[in-house]
Amino acid sequence: MIKITFPDKSVKEFESGITGFEIAKGISSRLAKEALSVGVNGEIYDLLRPITTNAKIAVYKWEDKQGKDTFWHSSAHLMAEAIESFWPGVKLWVGPSVDSGFYYDVDFPEGMAITEKDFPKIEKKMLELAQKKNQYIRSEVAKEEALKHYTEKGDEFKVDLINGLEDGTITFYTQGDFTDLCKGPHLLDTGYIKAIKLMSIAGAYWKGDENNKQLTRVYGITFPKKKLLDEYLVMLEEAKKRDHRKIGKELELFTFSSRVGLGLPLWLPKGAKLKERLENFLKKVQIEYGYEPVITPHIGLKELWEISGHYAKYGKDSFQSIKTPAEGEEFLLKPMNCPHHCEIYKCKPHSYRDLPIRYAEFGTVYRYEQSGELHGLTRVRGFTQDDAHIFCRPDQLKEEFIKVIDIVLYIFKTLDFENFTTQISLRDKEDKEKYIGSDENWEKSEQAIIEVCEEKGLKTTVEIGEAAFYGPKLDFMVKDALGRSWQLGTIQVDYNLPERFELEYTGSDNEKHRPVMIHRAPFGSMERFIAVLTEHTAGKFPLWLTSEQAVILPISERFNDYAKEVMNKLKLTDVRVTVDDRNEKIGKKIRDNEVKRIPFMLIVGEKEVEGNTLSVRKQGEGDIGTMTIDEFSNFINNRVAEELK
RNA sequence: GCCGAUAUAGCUCAGUUGGCCAGAGCAGCUGAUUUGUAAUCAGCCGGUCGGCGGUUCGAAUCCGUCUAUCGGCUCCA
């Protein structure tokens, strides 16, 4: 007998070899019907895989991430089966589930290819196969046998996979006529899969290494009900409407020009005002936190980055140097502001009493991103960092780091970013060539970040090998409308640049000491932040931030003078307002300004002129009543104050 | 940079198997209308059909190439 512990902590005894399916059935027939896989001591099992030890179990359904993973992984096998039936001779690499759906990496033989035109026939075939309710059958295979099988088949991919596995852990899964090396788990049978949509084709390097052969990656998604697929497709359409590239165009925030160059955003007046307002917001916060503004040029001598180590690492994949008439003189466009700030620090001697020193600058930097990598405002070649460098004593590091976290959290709270995640990026100790600086300093900085996050109670994930080459970092990530994750705020601890630039301060012991440096950018980049904010708000920016808070709509041209009078009065009280004095009907003006997402519309006609009032209409909601000019002005300014609290 | 798809007016899109001067709606301009809570009417303007080269009597349409965009991969100081 074995002991099974349920999620509610209750314990029951079963015969050894009982399956998740039987346990679920014992609870209710409905649960058995909905169950997709079962968690056994943290591992995910097929429903029919015997459980032979005492275990904590959890039954996973579609609603659970693990359930979806099982569902989509089985779907990947189903797709592979369909693809193999049309293109015999294809070699399969891996087919995992992803956030929404699954993919399979496939190597098509020379001269064979799949296109999106093939999707309908593959989907149809998959549905046919699904309806056969073929069972997914697990079998354990000896390593030698597995190797032999795939060597004979000439499948170098699977041979490579198996070589990386230990004997005794190798399993195959078979459904219908299709067998694949796989550790599972899988659904009971293909019949669970009711709705199928192949999404796209992409190239993907084998093992993620760009020196390797490129395989064809086919993305798809499946559902246990047709209705769920329809809903998903509607959701995708909705998400597209929030795309910052689309809204940016509609609201005239920014544009690009192929003549100016790829990835170099041009801010239009409305976007520029928004960006400026956002910068002023942070400037104000930074003053409270003791930052001091500095301004540095957009270029610097090449030597500057040779000292920092950036040139050795990124020089040849970057914008190339700017030459001057002087022999041998070379400048680089600055890819970051740190070296300039280090030089500012060095302009005079510092006492331990001066520290921490916090230099802040909205610095525009240029990085030559690969062309295929550019993406709207989220990945560009020229962007403004809300950068600052904090030079502090080692004993101040923690406190300073915490203060930076507070700034980031304050910003996220003010802008309603609730669903952010935080990631600690550490170096990969196995791959020391990628990093500069001593082990001791790395240990110190990594430890500092981990401790601080613990103290602040941040829920973090730790990624090994994701650190910057000069130090570990803490990143704040937010998802865009389509669920793609973007890094916004970043905080980095750096012992290396102070070393390289020989930064010093005089301690209380009258000896020279090396300061620690914190790089930080709460927004990350203004461009990316505005992109993500645009998608987050669907272009309905908060009142304090938006360029036009209200627009006055005269009923007819007869009321244009009154409208202008109102506008001037409101402007005196810092309300950002314009007049729509076009010769159009009121319905048309309302519609146009609704589409422009102006938060408030102020309608003025006969009644308003007589009563010296405004009819206020809220964007997306409709008429909210009559106010005097003063009342409206207070209304707006109170709301702005509330938002910025 | 790599794989795949796409490229028609400022924007969103039609354009059948190659065949008359390449179309529509919105935006813009002109005029009429003077309007009460999501589109008033009429007229006009606007395009080397992404660039270049080829096939053809004839190319937006077929082929090649370059560029850009989109979806991924790799990368992201």
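The figures here come from the full heavy-atom set of this structure, side chains too, leaving out hydrogens, waters and symmetry mates.
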SB check K473(A) D475(A) (cutoff 4.0 Å): yes
G-U wobble or Watson-Crick pairing nucleotide for C73(B) (cut-off 3.5 Å, both distances): G1(B)
Closest listed nucleotide, where the reference is the side chain of S556(A) and the choices are U35(B), A38(B), G71(B): U35(B)
Cationic N near anionic O, under 4.0 Å, K429(A) to E443(A): yes
Lys/Arg N to Asp/Glu carboxylate O, E610(A) vs K607(A), below 4.0 Å: no
D387(A) CG to A77(B) P, straight-line distance once rounded to whole Å: 13 Å
Side chain of V595(A) - closest among A38(B), C75(B), U69(B): A38(B)
Phosphate OP1/OP2 of A5(B): any K117(A) side-chain N/O under 4.0 Å: no
Integer-rounded Å distance: C75(B) C1' and D317(A) CG: 9 Å
Under 4.0 angstrom between R484(A) side-chain N/O and G72(B) OP1 or OP2: yes
Any strand: nucleotide that pairs with G28(B) via Watson-Crick or wobble, under 3.5 Å: C44(B)
D439(A) with R427(A): basic N within carboxylate O range, under 4.0 Å: yes
Side-chain N or O of R558(A) closer than 4.0 Å to phosphate OP1/OP2 of U35(B): yes
Ring-base stacking, F469(A) with A77(B) (5.5 Å, 30° cut-offs): no
Phosphate OP1/OP2 of G1(B): any S371(A) side-chain N/O under 4.0 Å: yes
N or O in side chain of R367(A) less than 4.0 angstrom from C75(B) OP1/OP2: no
Sugar-phosphate only, base, or nothing, as touched by H519(A) at under 4.0 Å among non-hydrogen atoms: nothing
Among G36(B), U34(B), C73(B), the one nearest K607(A) by side-chain distance: G36(B)
Spacing of the C1' atoms in C73(B) and G10(B) (rounded, Å): 34 Å
Distance test, side-chain N/O of K588(A) to OP1/OP2 of G36(B), below 4.0 Å: no
Base of C75(B) paired with side chain of R379(A) (donor-acceptor, under 3.5 Å): yes
Pair E361(A) + K334(A), salt bridge at N-O below 4.0 Å: yes
U61(B) and A22(B), which share atom name P, separated by this distance in whole Å: 14 Å
Side chain Q214(A) and base C2(B) donor-acceptor under 3.5 Å: yes
Atom P, compared across C11(B) and G54(B): separation rounded to whole Å: 30 Å
R217(A) side chain, from C-beta outward: closest of G36(B), C76(B), C73(B): C73(B)
No-H, no-angle donor-acceptor pair, E608(A) side chain to G36(B) base, under 3.5 Å: yes
Proximity to the side chain of E594(A) - top-ranked nucleotide from G72(B), A38(B), A68(B): A38(B)
C1' gap between G1(B) and C63(B), integer Å: 26 Å
Charged N-O contact under 4.0 Å between K434(A) and D428(A): no
Whole angstrom value for the distance that separates C1' of U12(B) from NZ of K241(A): 14 Å
Candidates A77(B), U40(B), A38(B) - which lies nearest the side chain of E584(A): U40(B)
Heavy-atom donor-acceptor pair, R259(A) side-chain to A68(B) base, under 3.5 Å: no
Criterion ring-ring contact (aromatic ring centres under 6.0 Å, His included) against Y103(A), the qualifying member of Y219(A), W93(A), W72(A): Y219(A)
Complementary nucleotide for G53(B) - Watson-Crick or wobble, under 3.5 Å: C63(B)
A38(B) versus A42(B) - spacing of their P atoms, nearest Å: 22 Å
Nearest-neighbour nucleotide for the K585(A) side chain, U35(B), G71(B), G72(B) considered: U35(B)
C66(B) and C20(B), which share atom name C1', separated by this distance in whole Å: 33 Å
Under-4.0 Å salt bridge between R558(A) and E606(A): yes
hbond_proxy Y205(A) side chain to G72(B) base (donor-acceptor, 3.5 Å cutoff): no
Distance, C1' atom - from A14(B) to C52(B), rounded to whole angstrom: 27 Å
Phosphate OP1/OP2 of G72(B) contacted by H375(A) side-chain N/O (<4.0 Å): no
P atoms of U35(B) and C13(B), separation to the nearest Å: 38 Å
R245(A) vs U69(B): side-chain N/O to OP1/OP2 distance below 4.0 Å: no
Touch class at under 4.0 angstrom, heavy-atom based, for I586(A) against every strand present: sugar-phosphate
